[in-house]
Every structure is written in structure tokens, then in C-alpha cells.
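The structure appears below as C-alpha cells.
Both counts, for ligands and for their atoms, begin at 1 and track the order of listing. Note: hydrogens, waters and symmetry copies are ignored here, and every other heavy atom, side chains too, is used. Here the structure is a predicted model, which means the values were calculated and not measured.
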Amino acid sequence: MTASKFYALVMFPYPSGNLHMGHVRNYAIGDVVARYKRMRGFDVLHPIGWDSFGLPAENAAIRHKTHPAEWTAKCIERMTKQLKSLNLSYDWDRAVTTCNEDYYKWTQWLFLKFFEQKIAYRKEARVNWCPGCQTVLANEQVKEDRCWRCESKVEEKPLEQWFLKITDYAERLLQDIEKLSGWPEPVKIMQRNWIGKSEGVVIEFPILKHGESKLTVYTTRPDTLFGVTYMVLAPEHPLVDALTKGTEHEKAVKTFQEKVKHETMHEREKNLIKEGVFTGAYAINPANNEEIPIWISDYVLMEYGTGAVMAVPAHDQRDFEFAKTHNLPIKHAEPFTGEIGKQKVNYRLRDWLISRQRYWGAPIPIIYCEKCGIVPVPEKDLPVKLPKNVKLTGKGASPLAQVKEFVETKCPRCKAKARRETDTMDTFICSSWYFYRYCDAKNKKQAFAKDKVDKWLPVDQYIGGIEHAILHLLYSRFFAKFLYDQKLVPTDEPFTNLLTQGMVIKDGAKMSKSKGNVVDPDEIIKKYGADTARLFILFAAPPKKELEWSDKGVEGCYRFLNRVKRLVTESLEPANKLRGSNERGNRDVQSQVSEPNITKVLHQTIKGVTEDIERFSFNTAIAKLMTFVNVLYNSNTSIGNWKLEIGNLLLLLSPFAPQTADELWKKLGNKNSIHKEPWPAFDPELTRENEITIPVQVNGRLRDTIKVATEADKETILNAAKSTEKIKNFTTGKQIIKEIYVPNKLVNLVIK
Ligand code: ANZ
Ligand code: ZN
């Protein structure tokens with residue numbers, strides 16, 4: 001029988017040059033999962049790579065007068081060393097680097113697939129422009145009007161750009177959220193809201209004195225039709241010109257349109273004062289034939305629905321505010337129950353804008369020809385290589401446009417002179433498929449072979465930051481669906497289980513250079529060793545929760561590992577020599593544990609740690625190992641007798657502190673690596689408690705507790721209850737008129 005596969009994936013890092021504690025946490029969690037699953041007999045894929053295209057490298061290169069490729073290579077080299085120093089059990093042979101030709105060739109190939117299927121398309125649109133990053137951004141990269149990376153206030157510009165038609169997948173992306181039972185609820189809610197499905201109807205309103213012209217609105221409340229008192233168009237609505245041309249309203253309308261051009265979508269949605277102007281035209285309410293004025297206002301967005309609304313100030317807050325400001329009637333009316341309009345579904349999700357006006361990204365494999373128009377680069381000509389010699393200024397237009405040898409080319413169809421696309425792709429494209437490439441990282445003929453991804457996908461456990469709840473995690477789901485439809489991958493959802501780890505904070509705040517509260521992983525590793533760093537970060541908080549850095553906590557973990565070391569060393573010494581020596585010598589005689597009880601604690605520990613790891617409760621798993629070590633120290637038999645217990649302790653410790661566990665394992669005389677050993681099993685019989693504690697009440701009030709054997713009968717228990725000193729104090733000289741025993745729970749003596 002072949003072993004079951006397990007794909008343990010961590011979000012690959014951007015090679016900034018420095019590993020931070022967030023990385024350490026993400027990767028320590030991933031490594032525990034991978035090591036544990038291996039010991040459970042799974043065939044585990046646990047890869048790592050570099051999300052290495054992107055702006056920071058380009059900006060750093062400009063600052064340090066070097067080349068992004070060089071800068072990136074140096075960062076990767078340094079961070080590889082750092083990762084290796086953490087003893088992470090990666091399959092380094094599979095490492096992928098998205099800025100390498102052997103990777104971006106296939107990113108370009110995927111773009112061609114999207115183009116073939118008309119999912120990749122070019123159009124002019126008002127797009128988000130970040131003046132800080134000097135490039136356009138996708139909607140997902142704009143948070144409350146600001147750039148996700150540099151927090152500059154985003155502007156809107158009309159530009160012709162490349163888009164991926166993610167909206168074709170809106171319904172599936174929404175529906176399939178139901179399948180994601182292994183995902184955290186908050187991530188699913190964020191995706192649902194981002195997709196923003198709305199079900200309504202479109203209704204046509206005839207326009208007075210404008211012939212056959214009709215105004216189409218989108219509404220989720222057709223029942224409020226009798227309450228409509230005016231109409232509002234987005235200022236950019238194509239009908240506005242026809243309605244106002246040559247009228248006394250034309251000028252005011254034009255002025256207002258100009259003003260709105262400078263507002264962003266976000267501002268328009270958030271505006272408190274609802275500004276607008278009357279067009280002079282009227283529409284007819286199809287429900288009651290009333291004539292109602294047509295206005296324009298910035299609160300209606302051209303990008304949503306039909307860019308026109310029927311206003312119902314009695315039911316809608318925004319309409320109400322607008323009506324108040326502009327003295328328009330507010331009408332309470334009967335609900336409209338008639339049939340009208342056509343069912344229509346709208347989504348908030350917009351197509352994904354993927355062009356970037358920067359150098360350090362995968363070139364979009366497209367050629368523009370005077371005769372043939374937009375021509376995709378033939379597959380055999382891939383990759384379209386990024387030219388090395390470019391002048392990077394970080395300002396304005398695409399740097400590639402300045403490279404003559406790059407831009408000037410021949411049309412692949414008619415061979416006439418043609419021009420290359422000079423924008424590069426959003427790096428989120430590179431990171432939307434890297435987990436497929438890991439399965440077949442060295443393939444020179446394909447992005448990945450079908451049998452390889454069939455074997456490994458879907459990812460069984462994905463671990464990473466919540467900041468990607470919408471961005472990377474939505475894009476990857478979209479890619480999975482597209483690739484599934486192309487029969488290139490086996491499933492249309494890429495990640496079965498998702499764990500979003502909490503932040504690492506210090507003094508109550510996120511670690512950041514500006515706050516001066518950054519703890520450098522290198523320093524911790526140098527001072528205490530990698531295992532202490534890992535152990536602390538896994539012990540200080542459950543993976544999903546925020547983790548507050550604590551120097552004391554680090555010290556504590558360091559001491560714990562030293563205690564384990566001492567335990568192993570002592571277990572190898574002659575038993576008699578140990579008696580009365582070092583810390584065991586001062587032990588409290590009362591707390592000594594006998595030999596059979598140690599076996600029980602061992603089995604309980606194996607059970608507890610196993611269950612804790614299965615539910616990602618690594619902190620309690622480690623706490624159980626600490627308790628176990630205490631028990632071993634406090635036992636009244638010689639440590640020399642516990643080879644079995646100590647061996648098992650090391651096995652249980654090995655996913656958390658792999659290096660220490662392996663070294664000590666060898667010290668115990670084992671030849672093979674501990675990481676090749678199976679996970680220890682426990683005997684459920686042996687984990688059972690053989691004593692239970694029962695509270696004893698007198699006249700319903702708790703007076704004492706007794707310890708009895710689990711299998712003791714009622715009579716034995718009642719006798720034990722009546723004979724304790726404390727109980728006797730209450731019962732002496734009194735008559736016990738009733739003895740109540742609730743099995744395993746309680747004894748109550750009623751006295752008079
Ligand atoms: C009349 C009405 C009465 C509306 C009422 C709502 C409440 P969601 O749910 O987000 O899809 N709307 C339609 N297109 C719009 C646009 N381009 N810009 C701004 N607002 C627009 O919202 C749908 C509702 O938002 C629509 O239903 C419309 O107002 C408005 F008591 O029509 B409603
Ligand atoms: Zn920016």
C-alpha cells in the first residue's frame with residue numbers, strides 16, 4: 001500500500017532580505033504540521049520558494065544603484081541561510097523563484113491561456129493610480145482609498161489596460177465558499193462581501209419628450225415603486241448629454257461633471273453631503289404614470305448596476321438625504337406588488353486589472369501590429385525575456401518602453417514591424433499558481449505535468465497571514481477554477497484547510513522599524529538556538545491568536561530544553577549515582593510518582609499531545625511535555641529505568657524542537673534520525689484514570705472530598721465518605737437519616 005499524500009503549504013515569502021518574526025511563526029507552524037504528518041506515515045510535500053517580482057526590489061535597486069535582479073538574488077541568498085538556520089524541513093530541491101525565466105515563462109504561458117479563452121482582455125477604464133508606486137493597482141489593492149503597499153492616496157485615471165475577467169467566475173467563487181469547511185469563518189465572510197452579490201430587477205422608465213428613449217434602473221426594491229419621487233443618473237451616464245444639450249441646464253450639468261471627475265469612487269460612496277443638479281428632463285413612473293424629475297448626482301456610480309437609480313426617499317437613507325438637501329418630495333406609499341422589469345443579479349466584484357507600469361515583473365506576452373492588432377506571442381517564443389539594461393527612475397511610464405531592442409519587434413502573423421506591450425504583470429499573478437509549480441518545479445516542457453498536480457492537489461493545509469484574505473486567496477481560487485476548466489488541475493478549489501496565524505506583537509504593538517520594537521530572529525537564534533526560538537513562538541500563544549513577545553518566555557523555553565538535555569544525560573548515568581544528586585536530590589517526597597503511574601502519565605501525554613497537534617493547539621501540547629518532564633524528574637525510581645519514557649518524550653518533542661530532539665535521540669544510542677521514526681502510539685486503557693474524586697455533602701453543603709478507585713461500589717464509597725475526619729465532625733452525635741449517592745458525582749448525607 002502506498003502512503004497517503006499530505007501537502008503542507010506555507011505562504012512563500014517576498015525576499016525583502018530579512019526574515020521577521022511573522023515569517024518565523026508562519027514557518028514554524030508549517031514545519032510542525034509537516035514533521036508530524038511524516039511521522040504519522042504520510043507522504044508529505046512541504047516546499048518553499050520566493051515571490052520575487054515586485055516593487056520593493058525595483059525601488060531598492062534605484063536607491064542602492066544596483067539591479068533588481070542582483071538585489072533580489074542577494075536577498076534570497078541571505079534569507080535562505082536564515083530559513084535553513086531554523087531547521088525547517090523543506091524540500092529545497094523544489095524551490096521556485098518567480099522572477100526566474102524558468103518560472104515566468106510559464107506565468108506568461110498562463111496569460112496566453114487566459115487570452116485564448118477571452119478571460120484576458122484589454123480595455124480603457126478609469127483605473128486606480130498610485131502616485132507613490134507610480135503604477136496602477138487592482139481594486140483589491142486599494143484599501144479605503146489608499147494603496148495597500150505604500151498607503152498613498154489613490155487617484156483615478158482613464159487608461160487602456162489589461163484585465164482578467166474574474167467576474168465570469170463571481171458566482172462560482174461565491175457558491176464554492178460553501179465547500180470550504182476547513183477555512184476560518186472571517187476569511188469566508190470577507191470573500192463573500194467582496195464578491196458582493198445583489199439580486200434585484202431592472203426596470204425601464206420612459207423619458208418625457210425624448211421619443212423612444214428609456215432610462216433603465218437597477219433596484220433591489222421593486223416593491224417601493226409607488227414611492228419613487230425622482231430619478232438619479234451617474235454624472236458620467238451616456239444619456240446625460242442628450243437630455244441637457246442646448247438647454248438652460250447644460251452649463252450647470254457640465255460644471256458638475258467636471259467637478260466629479262476629480263473624486264474617487266470611495267469618496268463618492270462616503271460623501272456625507274449628497275450633491276447634484278437637475279437635468280431639466282422628466283421620466284414617467286411605469287407603475288402610476290407620474291412625471292418625475294431626472295437629476296444627476298455623484299452618489300450614483302456608473303460602475304454599478306445601470307448607473308441609474310429610481311429614488312425612494314421614504315425607504316432609502318441616501319435618497320432621503322438627497323431629497324432633503326434638494327427639496328424633493330418624500331412620498332410614503334402602498335407596496336407595489338405587480339409584475340415589472342427583469343430579474344438581474346449584480347456583483348460588487350470588478351475585473352482584475354493586471355497591467356503594471358513597472359519593470360520588475362513578468363512582461364505581458366503581447367505584440368501590437370498596425371495590421372493585425374493585438375497578437376499574442378506564440379508559445380514557442382516564450383519567455384518574453386525582461387531586458388537587463390534598463391533605466392529605472394521609478395517615475396511615470398513603463399521603463400520597458402524606453403528599451404528600443406525590447407519594444408521593436410516583428411508581428412508573429414504578418415512579419416511587419418510591430419511593438420511589444422511594455423507593461424508587466426501584477427505580481428499577484430505569479431503567486432496565484434506557485435503551489436502547482438512546486439509539484440513539478442523542474443519541468444522544462446510544461447508549467448506542471450498533470451499527473452504531478454493530480455497527485456498533490458488540493459493543498460491539505462495552507463498556513464499564512466490574514467492580510468491575504470481577499471487578495472491572494474481569492475485570486476488563487478479564481479486560477480484554480482480556470483485551470484480546472486482547462487483540465488489542467490484536478491480540483492476547482494486549491495486549499496482544503498486554511499490556517500491564518502495571528503500577528504507577533506511586542507509591547508502591545510505590531511513589530512515595526514518605526515516603533516523600534518522589532519526583535520531580530522537572527523539574534524534570538526544566535527543567543528538561544530533555533531529550537532528555543534521555535535518552541536517559544538509555538539508555546540506563547542495558540543497559532544491563530546496574537547502573540548505577545550516576551551523575553552522571559554524565551555528564557556523559559558531555553559531552560560526547558562536544557563532540562564530535557566539533563567534528563568537524557570542523567571538517564572545514561574549509573575542509576576545509584578543519581579540518587580540525591582542535583583535537582584532530584586531536593587525533591588519533595590510527597591510528590592514522588594511511582595513506576596506504574598509514570599507509564600500512565602506517558603500514555604496520557606502521548607494521547608494529549610497527539611490530540612493537541614491535530615487541532616493546532618501547539619501551546620497546550622508543549623505544556624503537556626513540560627508537565628511530563630516534571631513528572632520524570634520527581635519520580636522515586638531511578639531515571640535509568642526510563643529509557644522508554646525518555647525516548648517517547650523526544651519523539652513527541654521532535655516536531656517542535658527538531659534539532660535538540662534528534663541530538664538527544666542519537667545520544668540515547670539510536671543510529672537513525674528521530675525524524676524517520678513513527679509517531680508514538682498510546683494504549684487507551686492505560687490513559688484512563690484509576691481514581692476519581694467525589695465531593696461529599698452534609699445536608700446539601702459541600703464538606704469534604706474523597707478519592708476512591710474508579711471501580712469501587714456504592715457501599716465502599718458511602719463508607720469512605722462517612723469515615724473522614726471532617727465528615728465525622730458533622731455527623732457525631734447526629735442521626736444519618738438518608739444517604740444519597742449519585743454515581744461518580746456526589747455523596748450527600750442527610751442528618752438530623
Ligand atoms: C430603489 C430602492 C429603494 C433601493 C430602497 C434600495 C432601497 P445593492 O444591494 O448594494 O445592490 N443603486 C442601484 N444602482 C446604483 C448605482 N449605480 N449607484 C448607487 N446606488 C445604486 O444596492 C442596490 C440598490 O442601490 C438599488 O435598489 C438602488 O436603490 C441603488 F428602499 O432602488 B434601490
Ligand atoms: Zn502605492
Less than 4.0 Å between a side-chain N and a carboxylate O, is that true for E185 and K188?
yes
NZ of K261: more than 12 outside heavy atoms within 6.0 angstrom?
no
By salt bridge (Lys or Arg N to Asp or Glu O under 4.0 Å) - contacts of E140 (at least two apart):
none
Other residues, nucleotides, ligands: >12 heavy atoms within 6.0 Å of E171 CD
yes
Restricting to pairs with a member in residues 297-320, which pass ring pair (Phe, Tyr, Trp, His ring centres under 6.0 Å), not counting sequence neighbours?
Y299-F322
Keeping to residues at least two apart or across chains, list the ring pair (Phe, Tyr, Trp, His ring centres under 6.0 Å) pairs with something in residues 185-227.
F226-F336
Protein N/O near ligand 1 N/O, under 3.5 Å, which pairs?
unit_1	atom_1	unit_2	atom_2	d
ligand 1	11 (O)	S198	OG	2.6
ligand 1	11 (O)	Y304	OH	2.5
ligand 1	17 (N)	L301	O	2.7
ligand 1	17 (N)	Y304	O	2.9
ligand 1	18 (N)	L301	N	3.0
ligand 1	20 (N)	R318	NH2	3.4
ligand 1	27 (O)	T219	OG1	3.3
ligand 1	27 (O)	T220	N	3.0
ligand 1	27 (O)	T220	OG1	3.3
ligand 1	32 (O)	T219	OG1	2.6

